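The block underneath contains the structure these notes are about, expressed in structure tokens.
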Amino acid sequence: MHLTRRLLRILLLWLLGTSLAHADGTAMETPHARVQLLTASESIAPGETLWAGLRFDLIPHWHVYWRNPGDSGEPPRIRWQLPAGWQAGDVHWPVPTRIDVGPLTNYGYEHEVVFLVPITAPGDLPSDSDVQITADATWLVCKEECIPEEGRFTATLRSTASAAAQQPAQWVAQAQARWPTPFSGAADYSLLPDGMMRLRLRDAAASIEAVNDLWFASNEWGPVSSSAKQTWTRDDGDLVLTLPPGDGPLQPEQSLAGLLVVEGDTADEVRGFTLNATALAPTPVGTTTDSASVSLWLAIGFAVLGGLILNLMPCVLPVLSIKVLGLIGHANGDARRHGAAFVVGVLVTFAALAGLLLLLRAGGTALGWGFQLQEPAVVLGLMYLMLALALNLSGVFSIGNRVMGAGQQLADRQGIAGSVATGVLAVVVATPCTAPFMGTALGFAMTRPVGEAMAVFLALGAGFALPMLLLSTWPSLLKRVPKPGPWMETLRRLLAFPMFGAALWLLWVLSQQVDASAFAMALSGALLLAFALWWIGLARERHGQRALAMATLVGAIIIGGLAAREAPPDPSNLTADAWSSVRVAELQREGKAVFVNFTAAWCITCKVNEQVALSSPRIESALRKADVVYLKGDWTKRDAAIGAELQRYGRSGVPLYVLHPADGTNPIVLPQLLTENLVLEALEQL
Amino acid sequence: MWKSIAVAGLIAGLNASAYATATVGEPAPEFAGTDTQGKQHRLSDYRGKTVVLEWTNHDCPYVRKHYGSGNMQAQQKAATDAGVVWLSIISSAQGKQGHVRPAQADALTESRNASPSSVILDTSGDIGRVYGAKTTPHMYIVNGDGTLVYKGGIDSIPTSNPDDIANAKQYVKVALDELAAGQPIADAVTRPYGCSVKY
């Protein structure tokens, strides 16, 4: 009895919410709203599109929802029943307001709202007949509590032979006035290190002046929290909003589609702008300065200054010193032309590197300056170049027999082209040095549109070329440089050392990127290169031997190439946590199987196994499929725990591969020489 | 005693600092709540067990969709039979829709033939705020380690129409199955839908 009464009450509540909503017709009254289907005209011609609108007049304090309802709620839905050949478009959503419900925020409409939908008649519509269009609508109407309502609305249209010139109905114009307009400027967003999103609206000042408040709502649930506080600032002509992320963040590179709402002082002054913000690469790590707060001119200033300082870097100084020594020779000749050629070489190279970088950025790759150094082949090539330059400076070989050596040769023999080449070379050898200290300007450039980014890079080049430009423009300055003499030879040999230093640094970088065997090959290549260059210097006059020396040089380059190819495919393919017996037991308790790789950096077999078998994508997916956790025990340095574990398996050294089943039964020990299939078979035994 | 104070302090601290702090993949926020029998529950009491948190409000049409059709009760029964702890939580404040006294809550459980392990009355809204519960229903799953592994909707079709249940992906049910099978949870964060929690 008790139960029945309760059920009846629930049923009654249910009916109250929905019962009044079933009458056919163009309008209906619910306890919370008067809802009406309107059409912009009573007649329609073949192929014509007219606006149909679902209009809600809501009782005070109750609301219906925008397309993204926010923290709760549900947008109205309309299912059209149309004769064959007719088409209904999407709902056009007017600009909503924020409705706070306790700590939650919804996007919706109070008082009155019209949802417009375009309805298109077929091209072969017979004239002079009545056509019925029907909308089955469901909507949720809420104050704090929520009531789902629904209704069926039917409107009749008279078909005519041709469209009559009609004034659009007043209510259509009013509804359209509440539509958002497309944002005229560009918009982009980036993820900040603290997880917030920064939405930047470029050149927004013109379209958005009077602002009391503004806020952004994403079109769909997920990327942006509806209830957490948003802040905004102006930055020159831009508007910058800081948005708290929602529970469904965007994937990298996904754009952020949504609505910017600008509130003026009164309710009438609410405007909405639709926008689609493109994803910017995350701010490169290491740029601690907030790059958005740096204006373009400041960035250019930093870049010029940075370029200027770059001249003093150990990689660059020797090259430029040679060039200056070369200019001394030209002091009374055409130093100006050589200087200009050098500047051209520098700027073109900077533009080319920046262009490549920006192209890759547009392609969606997250890069920072120095990206070229992430490629072992490039690092190796630069290392060999530094080594060759250093050997040249220290007199091991020289392409000419003159005292001035290679730099002079470059400048002299090829004339103007030589000066351009020196500029190119100077930038190429400068790139490793650019990365560490140009943070602010480069960070800025990475997040700005192409034009601004290019301006910053060219400013960097200009700063870099400035000393040479000054010296060549006013050759009288050169006269203040000490007179040519034997001291130049001493200086040249001294300058070989920073060059060797730069080569050593690049070797160190390479050691982080490749494994030991590739590194050894890179060193062998360097030795062979040094030998070949020495031989070339020696054999300059004797042509037969020169060919042999050149062959040795080619050999060095091939070995270098092999070393670069040896680089591990991608160390992140199979990421491993560090092994410990505690960790293995812990994972087994969680019901996971564990695969342990005991390895060491100096163990060639281990490296071969890792290359041949363990780094293959098939193994990776097999591990994932079998829910096996991959752990690494690194025995490169002495480790008592690993030693004891090896002993447990009767081994005195690495490699050792152990597969622990999840149920804690006997572990499977794999052979010391692995193949892909061996590992896959072992995994299948689990 | 000290533990209660620590928990209360933790909750107050979280409350003051930010709304919605429950993050999937991180430890689920600790809470202390009283059920309809006057019994205290802490999340940490259930270490080693899977816990489902279900925010509910019997007057909400979206809750009625899932109770009226028997969907919620069936999921509760299947889960508790499998050893899962299912806590229904009512965060409606005094005087707000869905607020119930303990006896009323028990009567609702009985009349709807529901099978939660317990119904927690969170009148202050503290638990709801710590978890960032926004809608009724709003669902959370905590694994045996105390890690939050799911938060979001009860299923994939955000309407109040019971006819849609058959075609929807039942996120919680699927996630519990995946958890039991030791698989990663495919849809770990989904859109919660329903009425607002009446804080």
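Throughout, protein chains are lettered first and strands after them, A, B, ... in sequence-line order, and every chain is numbered starting at 1. Because the structure is predicted, anything quoted here is derived from the model rather than measured.
Applying side chain to side chain contact (heavy atoms under 4.5 Å, CB included) to B/Lys134 and the options A/Asn106, A/Asp71, A/Val101 leaves one that passes, A/Asp71.
Only the backbone of B/Thr190 comes within less than 4.5 Å of a heavy atom of chain A; no side-chain atom from C-beta onward does. When heavy atoms are compared at a cutoff of 4.5 Å, B/Cys195 approaches chain A by way of both its backbone and its side chain. Only the side chain of A/Pro69 comes within contact range of chain B, with heavy atoms under 4.5 Å apart. For B/Asp145, the part lying near chain A is the side chain, with the backbone staying farther off; criterion is any non-hydrogen pair under 4.5 Å.
No side-chain heavy atom of A/Pro148 sits less than 4.5 Å from a side-chain heavy atom of B/Tyr62.
The stretch residues 74-91 of chain B places none of its residues near chain A, where near means some heavy atom under 4.5 Å from a heavy atom of that chain.
Between the OG atom of B/Ser196 and the CG atom of A/Asp100 there is a distance of 11.0 Å, given to the nearest 0.5 Å. One distance of note links CG of A/Asp247 with OG1 of B/Thr23; it measures 8.0 Å at 0.5 Å rounding.
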Distance-only check: which donor-acceptor pairs under 3.5 Å involve side-chain atoms of residues 177-189 of chain B, not counting sequence neighbours?
{"from": "B/Glu178", "atom 1": "OE1", "to": "B/Ala186", "atom 2": "N", "distance (Å)": "3.2"}
{"from": "B/Asp187", "atom 1": "OD2", "to": "B/Lys169", "atom 2": "NZ", "distance (Å)": "2.5"}

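For the set B/Asn143, B/Val24, B/Thr135, the count of heavy-atom pairs under 4.5 angstrom toward chain A peaks at B/Thr135. Counting heavy-atom pairs closer than 4.5 Å to chain B, the top-ranked of the candidates A/Arg77, A/Glu74, A/Glu144, A/Glu220 is A/Glu74. Counting heavy-atom pairs closer than 4.5 Å to chain A, the top-ranked of the candidates B/Lys198, B/Arg191, B/Gln97 is B/Arg191. The residue among A/Gly246, A/Cys146, A/Ser225 with the most heavy atom pairs within less than 4.5 Å of chain B is A/Cys146.
Listed by chain and residue number, A/Val628, A/Ala662, A/Leu686 satisfy the side-chain contact (heavy atoms from CB on, under 4.5 Å) test with A/Ala593 (two or more places apart in sequence, or in another chain). A/Arg624 pairs by the salt bridge (charged side-chain N to carboxylate O under 4.0 Å, His left out) definition with A/Glu620, not counting sequence neighbours.
Residues B/Val197 and A/Leu104 approach most closely at N-CD1, 3.7 Å, considering heavy atoms. The two residues B/Gly194 and A/Ser72 have their closest heavy-atom pair at O-CB, 3.3 Å.
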